[in-house]
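Just so you know, these numbers use all the heavy atoms, side chains as well, and skip hydrogens, waters and symmetry mates. So you know, we letter chains A, B, ... as the sequences are listed, proteins then strands, and number each from 1.
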Protein chains: 2
Amino acid sequence: MKSEHIPKATIKRLAMYVQVLETLKREGSQVVSSELLARTCSVNPSQIRKDLAYFGEFGVRGVGYHVQDLIYSIKHSLGVDRVWKCALVGVGNLGKALLRHQDFKFRGFDIVGAFDCDPFKIGEEISGLEVVCTRRLKDAVKELGIEIGLITTPVNRAQRAANFLIEAGVKGIINYSPAMLTVPADIYVEYVDFFHHFYSVAFSITLDRHQERLGSNDEADEDD
Amino acid sequence: MKSEHIPKATIKRLAMYVQVLETLKREGSQVVSSELLARTCSVNPSQIRKDLAYFGEFGVRGVGYHVQDLIYSIKHSLGVDRVWKCALVGVGNLGKALLRHQDFKFRGFDIVGAFDCDPFKIGEEISGLEVVCTRRLKDAVKELGIEIGLITTPVNRAQRAANFLIEAGVKGIINYSPAMLTVPADIYVEYVDFFHHFYSVAFSITLDRHQERLGSNDEADEDD
DNA sequence: CAGTGTGAATATCTTCACAGCC
DNA sequence: GGCTGTGAAGATATTCACACTG
């Protein structure tokens, strides 16, 4: 692996390539060119080649990429060719939804602990997982080998949840609350904002209508 | 509104500013500087000023931004100062989760129709919404004034769901399935990939461990 | 040849630095 | 005085173009 800095956008695209490649595989494709993959993903072919080049040379010149191999190579490069155990803190609406949405497990992210500090929630069972007091987080992380924490608490509890998770030894956090977290430099936080997609669509429609009203020259913009 | 092209990243950040500003408001702040807002959001202060400048001059020199006004100005600029009605197609695990997660409504995105083509699901009620046959989508979109479609079908049904939505007159689509959609130029599609956050965190942890093992010089990388 | 891998060119986004205003 | 708004500079990411190889 070349150790230049890898753009975040590249990681995002690689995740997409895996999804698309898995569809292609299911449909029986053995080999795919950057050209075809690019068209399917609405990106530029050299973009794909560049993205892959960060991690190695996976293609065969004059032929393309072997689909199954490429899936594995990308997953291996990203470190998602194994199971990652996760703990979820905050069993509200969203937390429950994530616990029930067991596609995560299927894709290698297994939520093995659900935590909340509300005594009324403790003991409840969701998708076969018992909700446990947040105070027991530290032990659970150690016992179960949890490496990633998911924060689905209300915004005002998010920092506290983060502190608990970090103290327990988790190395990465996915924060579904709108709180911005303060964490040590060696903890990686990924912020998830469900709403920004809604905002983008709403904005885009609004913009379109404005332009229509102005009868301006329409400039069909690509999705990225 | 200046009508240069507005970066997608700007929209994403504006959505974040709104969230953070709403927290500040709740905590009693009346006024905020780009400096403070920037620190809270882990971005550069001029970034914030640039992002806002696309839409107007909302600040007061020497003072900062009035929190409540700024929230409203951003929302108005993005077109999210009103209710957008949405239809959801595909009432599986994920679809149900979104239907139950009624924060969307609170933030101005009201899911008023749930559709599925599975006869066993039709008639089921989720969060007070009856699941209806996808064939009745077109009428519902007209009757209820639906403008945005959410696709939560399995990957192989996503394109069909998109076709239904577009035919019904929806202008924007949020696609939660991993399918890449083919749509007319005037339909805006936003792709949501839950997994890429997991992939990013996993990759980041993996990378950290590699670097540790190499005992290399650590370069604490900023989160963006 | 057809299609990858990659340096060089271009386009885009971010940050700096400071003029302008309250 | 302090903080916004913005052109210019710098950094980053994307695309082109072509050498290279199975």
Minimal non-hydrogen separation, B/Leu181 against B/Ala162, with atom names: CD1-CB, 4.0 Å
Contact summary for A/Leu144 and A/Lys85, nearest pair of heavy atoms: O-CD, 3.1 Å
Residue met sooner reading DNA chain D from 5', once B/Val63 and A/Arg49 are mapped to nucleotides: B/Val63
Touch class at under 4.0 angstrom, heavy-atom based, for B/Ser46 against every strand present: base
Whole-Å distance separating the OH atom of A/Tyr54 from the P atom of D/dT12: 11 Å
Pairwise 5' ranking along DNA chain D for B/Arg61 and A/Val60, keeping only the more 5' one: B/Arg61
Side chain of B/Ser34 (C-beta onward), nearest among D/dT14, C/dT14, D/dT4: D/dT4
Worked verdict on B/Phe194 versus A/Phe194 for ring pair (Phe, Tyr, Trp, His ring centres under 6.0 Å): CA-CA 9 Å; B/Phe194 288 120; A/Phe194 288 119; 5.7 Å; yes
Comparing A/Glu57 and B/Pro7 on DNA chain C - which has the more 5′ nearest nucleotide: A/Glu57
N/O (side chain, A/Arg13) to phosphate O (OP1/OP2, D/dT14) under 4.0 Å: yes
Atom-to-atom span, CZ of B/Phe58 to P of C/dC21 - whole angstrom: 19 Å
Value in whole Å for how far the C1' atom of D/dT15 lies from CG of A/Asp51: 12 Å
B/Tyr65 side chain near D/dG2 phosphate (N/O to OP1/OP2, under 4.0 Å): no
Under-4.0 Å salt bridge between A/Glu35 and A/Arg39: yes
A/His101 versus B/Asn93, side-chain donor and acceptor atoms under 3.5 Å: no
Integer-rounded Å distance: C/dT15 P and B/Gln47 CD: 5 Å
Nearest-Å distance for atom pair CD/C1', residues A/Glu35 and D/dC16: 14 Å
Any N/O donor-acceptor pair, A/Lys50 side-chain to D/dT15 base, under 3.5 Å: yes
Atom pair distance, as rounded to whole Å: CG in B/Leu37 and C1' in D/dT4: 13 Å
B/His5 NE2 to C/dT12 P, straight-line distance once rounded to whole Å: 8 Å
Spacing between A/Leu52 atom CG and C/dG3 atom P, to the nearest angstrom: 16 Å
